Amino acid sequence: MTSVNKQMFLVADSAEAVQAESGQRRLNFAAESERLAKGGSAAHEGQVIAVARSRGGIGATMLAVNLAHQLATIGSTRKSGLARRVALVDLDLQFGMVAGFLDLEPSPALYDMARDGGIPDDTFLDQSLQSTPDGLDVLCAPSAFAPLDALRPDQLRGLIEALQARYDYVVVDLPHALVDWVSPVLAHAGLMYLVTDLSVPSLQQARRLIDAYAEDNLALEIEIVVNHEARPLLPHRHHQEAARALDRELRHWLPDDRRAAKEAADRGLPLGRVARHSSLAKAVGKLAQDRLKKAAAAAHVS
């Protein structure tokens with residue numbers, strides 16, 4: 001990891017300070033997008049998929065974990081050399097739960113990166129990533145609390161670009177707070193899944209997040225994932241009103257299969273390992289297949 005001479009002391013912020021600071025921040029992706037356009041594309045550039053949430057506890061981490069697992073395993077066989085390279089990154093510095101979902105150890109890597117001021121490189125990845133038996137490589141959040149402004153945009157830019165050079169897909173579980181260092185992540189992302197339910201408060205927050213993310217980055221594709229509700233045969237009035245409020249089609253639905261979700265979380269395994277026939281696992285698998293088909297179609301056109 002390349003060193004940058006900047007000393008940083010990590011002291012947990014109070015909830016009030018974090019909320020106030022987050023409210024004052026204005027995400028600006030224009031400069032980052034312009035830098036990418038001028039910089040050209042690398043020989044290999046993996047697809048970045050960001051996962052965001054309208055509120056805490058809505059199931060965004062569950063989706064990020066199981067989407068990454070499905071992308072790594074659907075139609076992928078290592079023996080034939082067709083293994084798909086997938087990385088999962090937990091950027092919730094304070095309350096990240098990816099480690100628990102996959103029975104992995106919390107990693108101090110992001111904490112150390114913030115403290116030391118370094119820029120991630122291949123050596124950083126080699127030392128920081130953990131692998132699951134299914135071949136999914138994971139960068140877990142630290143167990144120690146760190147302030148939400150501990151990281152810098154250039155550090156996240158280096159991290160995402162290093163991951164893109166190594167992996168076919170990079171799934172990023174975003175923090176709920178709006179912090180400026182996520183700008184490089186979203187500038188590199190080809191897609192965001194925004195997880196919500198259809199309660200009025202959740203829809204209001206989802207609308208605010210869509211506006212914030214798209215304000216200066218209109219090219220970011222944001223798709224809604226409705227959790228805890230099966231796809232209706234015919235949309236009801238409140239479904240239509242929700243789609244209009246979000247200005248997005250409600251294309252993705254995850255049924256309320258709490259038994260399967262709890263079993264997977266308690267055992268620290270993906271749904272595909274413990275409840276692959278459950279309605280929830282099938283819904284996440286369909287989401288992954290949809291993404292793979294679109295990527296294949298885009299590659300065929302190019």
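Both backbone and side-chain heavy atoms feed into the values below; hydrogens, waters and symmetry mates do not. Being a predicted model, the structure only gives us computed values, none of them experimental.
With sequence neighbours left out, P175 forms a side chain to side chain contact (heavy atoms under 4.5 Å, CB included) with L91, V179, W181, V182. Residues that satisfy the side chain to side chain contact (heavy atoms under 4.5 Å, CB included) test with A283, not counting sequence neighbours, are L254, P255. With sequence neighbours excluded, no residue satisfies side-chain hydrogen bond (donor to acceptor under 3.5 Å, both in side chains) with R231. Judged as a side chain to side chain contact (heavy atoms under 4.5 Å, CB included), and not counting sequence neighbours, the contacts of D137 are L129, S131, Y167. Qualifying side chain to side chain contact (heavy atoms under 4.5 Å, CB included) partners for D256, counting only residues two or more places apart in sequence or in other chains: H228, R258.
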Apply the test side chain to side chain contact (heavy atoms under 4.5 Å, CB included) to residues L159 and F124: give CA-CA distance (whole Å), side-chain angles for both, the deciding distance (0.1 Å), then the verdict.
CA-CA 9 Å; L159 175 62; F124 175 86; 3.9 Å; yes
Going through the distances and angles, do L287 and Y193 end up as a side chain to side chain contact (heavy atoms under 4.5 Å, CB included)?
CA-CA 10 Å; L287 191 66; Y193 288 125; 3.9 Å; yes
Given side chain to side chain contact (heavy atoms under 4.5 Å, CB included), test D290 with K286 step by step and report yes or no.
CA-CA 6 Å; D290 175 73; K286 184 177 181 181; 5.7 Å; no
Verdict with reasoning, D154 to I119, per side chain to side chain contact (heavy atoms under 4.5 Å, CB included)
CA-CA 7 Å; D154 61 325; I119 305 297; 3.3 Å; yes
Would D112 and R115 count as a salt bridge (Lys or Arg N to Asp or Glu O under 4.0 Å) here? Give the steps.
CA-CA 5 Å; D112 292 342; R115 181 193 60 196; 3.3 Å; yes
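With contacts defined as side-chain heavy-atom distances shorter than 4.5 Å, the pair L88/V65 qualifies. Counting heavy atoms from C-beta on, the side chains of V51 and L174 never come closer than 4.5 Å. You'll find the side chain of Y111 stays beyond 4.5 Å of the side chain of D116, heavy atoms only. Side-chain contact check for D122 versus R166: some heavy-atom pair is nearer than 4.5 Å. Counting only heavy atoms from C-beta outward, the side chains of R53 and T196 never approach each other to under 4.5 Å. Between V171 and V89, every side-chain heavy-atom pair lies at or beyond the 4.5 Å cut-off. Looking at heavy atoms from C-beta onward, D257 lies out of side-chain contact with K262 at the 4.5 angstrom threshold. Side-chain contact between P153 and S183 is absent, with no heavy-atom pair separated by less than 4.5 Å.
In this structure, S128 contributes its side chain and L125 its backbone to no donor-acceptor pair below 3.5 Å. Side-chain atoms of Q164 never come within 3.5 Å of backbone atoms of V170 as a donor-acceptor pair (strictly under, hydrogens ignored). The main-chain N or O of R152 is found under 3.5 Å from a side-chain atom of Q155 such that the two form a donor-acceptor pair. One N or O on the side chain of H188 and one on the backbone of P184 form a donor-acceptor pair closer than 3.5 Å.
Residue L156 holds its CG atom at 5.5 Å from CE of M113, rounded to the nearest 0.5 Å. Rounded to the nearest 0.5 Å, atoms CD (E221) and CD1 (I49) are 10.0 Å apart. One finds the CD1 atom of I58 at 10.5 Å from the NE2 atom of H176 (value rounded to the nearest 0.5 Å). In this structure, CG on L203 lies 5.5 Å from CG on L198, to the nearest 0.5 angstrom.
Cluster annotation: I224 is not connected to V200 through the hydrophobic network of ILVMFWY side chains, with a link wherever side-chain heavy atoms come within less than 4.5 Å.
A salt bridge is defined here as a Lys NZ or Arg NE, NH1 or NH2 lying under 4.0 Å from an Asp or Glu carboxylate O, and E263 with R267 meets this definition. A salt bridge does not link R84 to D168: none of the charged side-chain nitrogens sits closer than 4.0 Å to a carboxylate oxygen. In this structure, E223 pairs ionically with K294, as a charged nitrogen and a carboxylate oxygen lie closer than 4.0 Å. With salt bridges taken as basic N to acidic carboxylate O contacts below 4.0 Å, one links R207 and D211.
Membership of the apolar cluster around L269 extends to V274, as traced through chained side-chain contacts below 4.5 Å between ILVMFWY residues. Clustering of Ile, Leu, Val, Met, Phe, Trp and Tyr by side-chain heavy atoms under 4.5 Å joins L234 with none of the others.
Here ring pair (Phe, Tyr, Trp, His ring centres under 6.0 Å) pairs that include residues 91-110, with residues two or more places apart or in two chains, are F95-F145. Listed by first then second residue, pairs satisfying salt bridge (Lys or Arg N to Asp or Glu O under 4.0 Å) with a partner in residues 272-285 read D134-R273, not counting sequence neighbours. Sorted pairs that involve residues 86-111 and meet salt bridge (Lys or Arg N to Asp or Glu O under 4.0 Å), not counting sequence neighbours, are lacking altogether. Within the structure, every pair that satisfies the salt bridge (Lys or Arg N to Asp or Glu O under 4.0 Å) test and touches residues 188-201, not counting sequence neighbours, is listed here: R55-D197.
Here the closest heavy-atom approach between residue A150 and residue A114 is recorded as O-CB, 3.5 Å. The nearest pair of heavy atoms linking A146 to Q94 is O-NE2, 2.9 Å. Closest approach of S199 to S202, counting heavy atoms only: OG-OG, 3.0 Å.
Within 6.0 Å of atom CZ in R208, 12 or fewer heavy atoms from other residues, nucleotides or ligands are found, so the atom counts as exposed in its surroundings.
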Which pairs of donor and acceptor atoms, one on a side chain in residues 236-245, lie under 3.5 Å apart (sequence neighbours left out)?
residue	atom	partner	partner atom	Å
R237	NE	E241	OE2	3.1
H239	ND1	H236	N	3.0
H239	NE2	E229	OE2	2.7

